[in-house]
Amino acid sequence: MYWGRSFASQMSGKQKVSTGISPSGYIHFGNVREVMTGDIIHKSIQMENMDSHFIYLCDDIDPLRKVYPFLPESYAEHVGKPLRDIPAPEGPLKYSEYFIQPFIKTMERLNIRPEVIRTGELYRDGKLGDIIDESIRKRGAIRNILEKFSGRELEDDWFPYNPRCAQCGRISSAKVTGYREGKVSYECSCGHKGESDIYKDEGKLPWRVEWPAKWKVLGVTVEPFGKDHGTQGGSYDTGKAISEQVFGYRAPEPMMFERILLKGKGAMHSSTGINIPAEEMLRFAPPEIIRYVIARVPPARYIDFDPGPGFLNLVDEYERLYRMLREGNLDQDKKTLLDLCNAGRSQDEIPDYRHLTTLVQIYSDDSRIGSIINNGEVKFRDDILKERISMAREWIRLYAPEESKFRISRTDDPVEMTPGQKTVICALHSELSSSVSWTPESIHESARKAIEKSGMEPAAGFASIYFAIIGKERGPRLGFFLSGLDRDSVMKRLIFLCGE
RNA sequence: GGGUCUGUAGCUUAGCCAGGUAGAGCGAUGGACUCUUAAUCCAUAGGCCGGGGGUUCGAACCCCUCCAGACCCGCCA
C-alpha cells in the first residue's frame, strides 16, 4: 500500500495534522519535505474517509539565534529578539514575514494549503496562557522528565518560561525571579527588571515544553517531523512524556522523515549554502514534479535529488505514469501517488518538458515557440505554455548538463568533415530539396534516405548531420529538431558545407 | 561511547508490520516497425535482498552482531 494510505489507515476518527517552521532564514527545498509530508498525510487521511484538518505553525516568536552568513553584521544587536520583532534584511516587512510570505505562496502553487498559524499570535491572544500557567505550576514534573529522558541536568534556576525583556526586547537573556497570578517577574542581563504577562506575547515557553503545549492547545493528533527530533531523548520523546504525563494529552502520531540531499553535494542546509531555495524550484520544476520527488519516496528514506540530467528522466517518468493514469492502467498504489501529485493540476494539456528544453535553445522568442508547438493537433493554453517555456529556459540556464546544451551553427561556421560525412550532407540537401513538406516525418525520411545512399552506418550518418547543424555528435530527434528550424537557413548551411 | 532511521538489479524502488518460489520502472543489450539518437512495440540479460550468526520444516521479512550512510544524545529550533 502507498505509504501515506498505510499510515492513515491505522488511524480512526477526526484528525488534525500539524507541522511548521521557524522562519529564521531562506526556506529551501529541504524544508518543503516537511510541509509536503504533512500534506500527503492530510490528504491520505481524507482518502481513508476521515476528517482531517491541516495546520502549519510559523514560529515567529522564536528568537534570532545568531547572525547568519546572509545577514549583515548589524544584526548582532537583534540576536535573542523574536523574529517577528526585528526588521527584514530589506523592505518594510518584519524578519519572519519576509521569509514566510514567499514560502506560503510557494506552498499554494504546490497546492499545499494548510491553515497557517503564527505562534506569536497564539501567545499574543492568550491562547497559550493557561498551559503556560500549568507548566509553571508543574515545573518540577517537567523538569524531571527533561532530566530523565535527555540525561542532562538542568540548572537550579531552570524555569519553563522565557520572558521577553521589555527594555532590550530579548528572549532568554532574563532570569526569572518569581511567579504570581500569570505574571513572571524577571531580571534581564541588560539591567532591566520587569514582569511578563503569560497571556500576552511577552515571553515564550522553551521549545521542549512549547511543542507539547501546542499539541494540546491546538488538538494535534498527527505530526511529521525531521529525524533530528525523533531520536531517543530527543524532543519528541520528552514532548510525548510531558504531553501525556503532565498535560494529560495523548501525544500525536509521529511520522519521521529524512532529509533531502543534493546529488553529489550532500544534505541541504540553509547555512552551508548547499540548497535550492523553495521559490527557485518553481522557476524550473513544475509543481506536480516537485510533489512527485517527495511523494514517491517513503519519508524514512533520504532523497538524493538531482536537478541536472536526472531531472529530465524524472519528468519523463512522471509523464509516462500520467499517461497511464489517464488510460486507467495504473495499479492502486501508483494511482494514489499520482492523484496526490496531481492535486490541483490543470486538466488542460501540458507541453512536453524535454521537448521545450530543445525549443528554448533554438528560439529566444517565446511566441515563436508557441506557434511551433501549437502547430499540431493538441493546442496548449497560453498561460501554461508561457510558464512551461520559462521553466525550461531556467533549467537550461541553471542545471542542464553540457550534453543537453547546443547552439545552432551559423551558415558559414567552418567545420572539418571527412569525405564520407560530406557525402551525407550533400545527399541530405538533395533529398530535402525534392521534398515538399517540412515536417518531422518527411525530414526524418529524407535523412534516412540520404544516409542510406551515402552508404554510411546509420548512427555515423546521423552524427554527421548533427555535426553540421550543432557541431556535436548527438542532438534532439532529428526530424522534429530540423522541422523547428527555419528551412532556408538549414538549406543554406547544408549547401555551404556540401560545396566547400 | 550510547541511541534512532536507512541499506533489495547499474539507477529509482515494491515486498518487511501479520515468515512460504524476490516483482516493477528506467537504463543496458538484441530485435521489430520499408529500419536508427531524447519515438513506439517485443524480447533478453542483470539480485548469495550490505556481511556474518541465530530462531524455524522454511528468513529480504523475526532475533543478535558487524559494516556503511544520515541524524541525535550540549544550547536552540
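Just so you know, these numbers use all the heavy atoms, side chains as well, and skip hydrogens, waters and symmetry mates. Chain A is the first sequence line, chain B the second, and so forth, proteins listed ahead of strands; every chain is numbered from 1.
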Inset, instruction - Would you indicate, yes or no, if B:U37 has its OP1 or OP2 atom less than 4.0 angstrom from a side-chain nitrogen or oxygen of A:Arg477? - result: yes

Inset, instruction - State the pairing partner of B:A39; accept Watson-Crick or G-U wobble contacts with both distances under 3.5 Å, and report none otherwise. - result: none

Inset, instruction - Taking the six-membered ring for Trp and the full ring for Phe, Tyr or His, determine whether the centres of A:His444 and A:Phe462 are under 6.0 Å apart. - result: yes

Legend entry - Separation of B:U12 C1' from A:Tyr292 OH (nearest whole Å): 8 Å

Legend entry - Salt bridge present between A:Lys94 and A:Glu97 (N-O < 4.0 angstrom): no

Inset, instruction - Using both distances under 3.5 Å as the test, list the Watson-Crick or G-U wobble partner of B:A60, or none. - result: none

Inset, instruction - Would you kindly give the CG-to-P distance between A:Leu83 and B:A77, to the nearest whole Å? - result: 10 Å

Inset, instruction - Please work out if A:His355 contacts a base, only the sugar-phosphate, or nothing of the nucleic acid, heavy-atom cut-off 4.0 Å. - result: nothing

Legend entry - Options B:U6, B:A38, B:U36, nucleotide nearest the side-chain atoms of A:Phe462: B:U36

Legend entry - Selection from B:U4, B:C17, B:C71 that lies nearest to any side-chain heavy atom of A:Gln10: B:C17

Inset, instruction - Starting at atom CD1 of A:Ile465, determine the distance to atom P of B:U36, rounded to an integer number of angstrom. - result: 12 Å

Inset, instruction - To the nearest Å, give me how far apart CD (A:Glu319) and C1' (B:A38) are. - result: 15 Å

Legend entry - Whole-Å gap separating P (B:A24) and OH (A:Tyr2): 22 Å

Legend entry - 5' priority, RNA chain B, between A:His229 and A:Lys334 [closest heavy atom]: A:Lys334

Legend entry - Separation of the P atoms in B:G23 and B:C72, to the nearest angstrom: 39 Å

Legend entry - Counterpart base for B:A68, defined by Watson-Crick or G-U wobble contacts under 3.5 Å: B:U6

Legend entry - Candidates B:A70, B:U37, B:U12 - which lies nearest the side chain of A:Leu478: B:U37

Legend entry - salt_bridge(A:Arg33, A:Glu258) N-O dist < 4.0 Å: no

Legend entry - Phosphate contact (B:G7 OP1 or OP2) by A:Arg301 side-chain N/O below 4.0 Å: yes

Inset, instruction - Please answer whether the main-chain N or O of A:Ser24 pairs with a side-chain N or O of A:Tyr95 as donor and acceptor at a distance below 3.5 Å. - result: yes

Legend entry - More than 12 heavy atoms of other groups within 6.0 Å of A:Tyr302 OH: no

Legend entry - Nearest-Å distance for atom pair CG/C1', residues A:Asp62 and B:A77: 6 Å

Inset, instruction - Could you let me know what B:G46 is paired to, Watson-Crick or G-U wobble, both distances under 3.5 Å, or none if it's on its own? - result: none

Legend entry - Length of the CZ-C1' vector between A:Arg33 and B:U6, whole Å: 11 Å

Inset, instruction - Look at all strands and tell whether A:Arg448 reaches a base, only sugar-phosphate, or nothing, counting heavy atoms closer than 4.0 Å. - result: base

Legend entry - Among B:C71, B:A77, B:C35, the one nearest A:Lys227 by side-chain distance: B:C71

Inset, instruction - Step through the shown structure and confirm whether more than 12 heavy atoms of other residues, nucleotides or ligands are within 6.0 Å of NZ on A:Lys405. - result: yes

Inset, instruction - Starting from the 5' end of RNA chain B, give me the residue, A:Leu312 or A:Ser22, whose nearest nucleotide shows up first. - result: A:Leu312

Inset, instruction - Under 4.0 Å between any heavy atoms, over every strand shown, what does A:Gly310 touch: base, sugar-phosphate, or nothing? Just pick one. - result: nothing

Legend entry - Counter-base of B:G25, judged by Watson-Crick or G-U geometry with both distances under 3.5 Å: B:C11

Inset, instruction - Quick one: look up who B:A18 pairs with, Watson-Crick or G-U, both distances under 3.5 Å, and put none if it's unpaired. - result: none

Inset, instruction - In whole angstrom, give the distance that lies between atom CZ of A:Arg320 and atom C1' of B:U12. - result: 12 Å

Legend entry - Integer angstrom distance from the P of B:A22 to that of B:G51: 15 Å

Legend entry - Proximal nucleotide (of B:A77, B:A70, B:U6) relative to the A:Ala300 side chain: B:U6

Legend entry - Sugar-phosphate only, base, or nothing, as touched by A:Lys204 at under 4.0 Å among non-hydrogen atoms: sugar-phosphate

Legend entry - Check: A:Tyr399 ring centre within less than 6.0 Å of A:Phe311 ring centre: no

Inset, instruction - Kindly point out which of B:U36, B:U12, B:A77 is positioned nearest to the side chain of A:His444? - result: B:U36

Inset, instruction - Among B:U12, B:U4, B:A70, find the nucleotide with the atom closest to the side chain of A:Arg259. - result: B:A70

Inset, instruction - Would you classify A:Asp228 as touching base, sugar-phosphate or nothing, given that sugar-phosphate means primed atoms plus P, OP1 and OP2, and contacts are heavy atoms under 4.0 Å? - result: base

Legend entry - Separation of the P atoms in B:U6 and B:A39, to the nearest angstrom: 36 Å

Inset, instruction - Determine the contact category for A:Asp59: base if any of its heavy atoms lies under 4.0 Å from a base atom, sugar-phosphate if only primed atoms, P, OP1 or OP2 are that close, otherwise nothing. - result: sugar-phosphate

Legend entry - Donor-acceptor side-chain pairing of A:Glu34 and A:Tyr56 below 3.5 angstrom: no

